[in-house]
Structures are given as C-alpha cells and as structure tokens.
Amino acid sequence: MAGEVIVDALPYIDHGYDDVGVRESALAMVEEECRRYRPTKNYLDHLPLPATSPFETPLMVNEFERIQNRLPMETLSMKRYELPPPPSGKLGEVSAWQEAIENSMAQLEHQCVRSLNLELLLDYGTEAWKSYLEVFTAMQAKAQLQLQQLKKDIQDVNWQRKQAQTLAGERLRSLDAHWVLLVSKNYEIETECVELEKLVQAAREHLQTLGPVTANDNAPTPEHTNGHVEEDIAMESNENGNSNSNSNSSASGSGSNNGDADADGDADDAADANGDAGVDDAAAEDESSNE
C-alpha cells in the first residue's frame, strides 16, 4: 500500500532508550533531516483553503483590507470624550455653537448612561455574577468530564498498545529462540557432515594405499549384509539338494530294466562259477584218494 508506514519500534519491550548517547544520537538525526529538508512553496496546494467568510464581521473585513493594502492603523479617537468650545475664528457663528452644544449633550448623556449602568450593577450585578458563575461552573464540569473521558481513551489506547507489544515481544523472543536453536542444529549438522567427509576421504586414501581391489575384496562381509548372505546360501543349498534328488530318482527310474537284466546275467555267471568250482573240488578229492 502506498504511503503505508511500518512501525518497527516497540517502546514497551525495547530497551536501551535511556543509555548514554541514545537521545543525543536521535536529536542529531532529527537535525540532519531538518537541514536536508527543503520545503517548497506549493507543498500545501493540494489542501483546500479554510472557509473563514462565515466568521468574518464587517470590522474584520475592513481590517483585513487595511492589512492587505499595507495601510497604517487608525489611532483611537478621543474626540467623543472632549468638550471643546468653538474655534476662535467661529465664535460669532451660530452653527459652531450649535455643534458644541450637541457635543456637550452627547457627553452628558454618556455620563448618565454610565451612572445608570453602575446603579444596575449595584442592584443586579451580584446575582448576574452568580448566574454567570453557575453557567461557567457547569461548562467547567462538562469540560472536566470530556477531559476524563479523553484521558481514559488515551489510557485504553496505551494499554492496548502495551498488551499488543507485550504479546509481540513474547512471540519475537520465542521465534528468536527457535531461530537460534535451528541455526545451532544446522551448524552441528554441517560440522558432522564435514567430519564424515573427512572420514570418507581418509578411507578412500587408505584403500588406495592398499592396492587394487580384487573380486574377493568386493564380496560383502556379514557385517555389511546383516546375515542375509547366510540365508541366501542355505536357500541355494536346499535348491541344489532337491535338484540332485530329482535327477537321481529320474536316473534310477530310467535304468531299472537294465539293472534287472544285469542281475539275471550275474546270477548265471555265479552259478557257472560254482559249478566249475565243484568239478575242481571233486577232481582234487579223487586224486587224493588214489594216492
């Protein structure tokens, strides 16, 4: 929003305003801005002129015209309070004496009015003054009520501002602590990552010093496989045993007939051998008997 003012000062929770040099620094900044600021003649042209004509009296209009024309102000005329005789050159003129008489009659009437006002003041001045004081007291009481209400409104505004700034301060402190915690964790993670990178680099350098890597060296160890290799080996052995048993059973099934024929042939050969052995034994017995 254009012209929006962002207030970043929280006087109820901010500290340091009473420190040495803070006030002087603020005043120096104000003075510097005042020196750099150059007001123009037309910076108030966008504002309308105040309407003062309803409050102007004829006397005020004449006085404004006199001031605009740069004319001197007329001095107070004391002629009405004087009672001069006709001029010496007009002592024989009736009009001059008539004018002097009218002036004296006006002065006399003025004095009569003043004495009448004094008598009225003596008779009714006290009551009029009391009435004026009553009106003035009522106006003063009303003004006091308005002043108290205004102070109460100001106090409410200050209290609301203080409450809002206190809540904002707690929120800012919480966010600040959370930010510090996150930054600390990030720093710890970065430190650990750097250490791990150093360990990895050291391990690579150590492997390079050991020589080329063989096939057996590439085989995973039980620590790395977490026991999965033994399970795989057992499963492979079971599969091999089943396949061998199946192959033996098929081989035995296919050669059962041949086995039976061979068994018969072997039995015949054994019978012939036994017959021959019997003949040899009989011949040996006959020879021994002849002897």
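Keep in mind that this is a model prediction, so the values were computed, not measured.
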Could you note down all residue pairs passing side chain to side chain donor-acceptor pair (under 3.5 Å) where [range] supplies at least one of them, sequence neighbours left out?
range	value
residues 23-36	Glu32-Arg35
residues 137-148	none
residues 160-177	Asn158-Arg161

ILVMFWY clustering at 4.5 Å (side-chain atoms), partners of [X]:
X	value
Met60	Phe64
Leu91	Trp97
Leu49	none
Val180	Trp179, Val183

All pairs passing ring pair (Phe, Tyr, Trp, His ring centres under 6.0 Å) where residues 124-156 contributes a residue, at least two apart =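 Qualifying pairs, neighbours excluded: Trp129-Tyr132.
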
Is it true that the side chains of Glu99 and Asn103 contain a donor and an acceptor less than 3.5 Å apart?
->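 Glu99 vs Asn103: no donor-acceptor pair found between side chains.
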
Hey, does the side chain of Thr191 reach the backbone of Tyr187 with a donor-acceptor pair shorter than 3.5 angstrom?
->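 Yes; judged by distance alone, with no hydrogens or angles, the pair exists.
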
Taking the side chain as every heavy atom from C-beta outward, state whether Lys130 and Thr126 have any atom pair closer than 4.5 Å.
->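 In short, these two side chains touch, coming nearer than 4.5 Å.
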
Atom CD of Glu93: over 12 foreign heavy atoms under 6.0 Å |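 It does: Glu93 CD has more than 12 such atoms within range.
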
How would you list, by chain and number, every residue that makes a side chain to side chain contact (heavy atoms under 4.5 Å, CB included) with Leu71, sequence neighbours excluded?
->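 Testing Leu71 for side chain to side chain contact (heavy atoms under 4.5 Å, CB included), a comparison that skips the adjacent residues, returns Arg66, Asn69.
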
Applying side chain to side chain contact (heavy atoms under 4.5 Å, CB included), name anything that partners Arg70, two or more places apart in sequence or on another chain.
->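 Arg70 satisfies side chain to side chain contact (heavy atoms under 4.5 Å, CB included) with no residue once adjacent residues are dropped.
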
Check side-chain hydrogen bond (donor to acceptor under 3.5 Å, both in side chains) between Arg204 and all other residues, then give those that pass, not counting sequence neighbours.
->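 So Arg204 forms no side-chain hydrogen bond (donor to acceptor under 3.5 Å, both in side chains) with any residue.
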
Taking salt bridge (Lys or Arg N to Asp or Glu O under 4.0 Å) as the test, write out the residues that go with Lys152, two or more places apart.
->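 Lys152: salt bridge (Lys or Arg N to Asp or Glu O under 4.0 Å) contacts with Asp156.
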
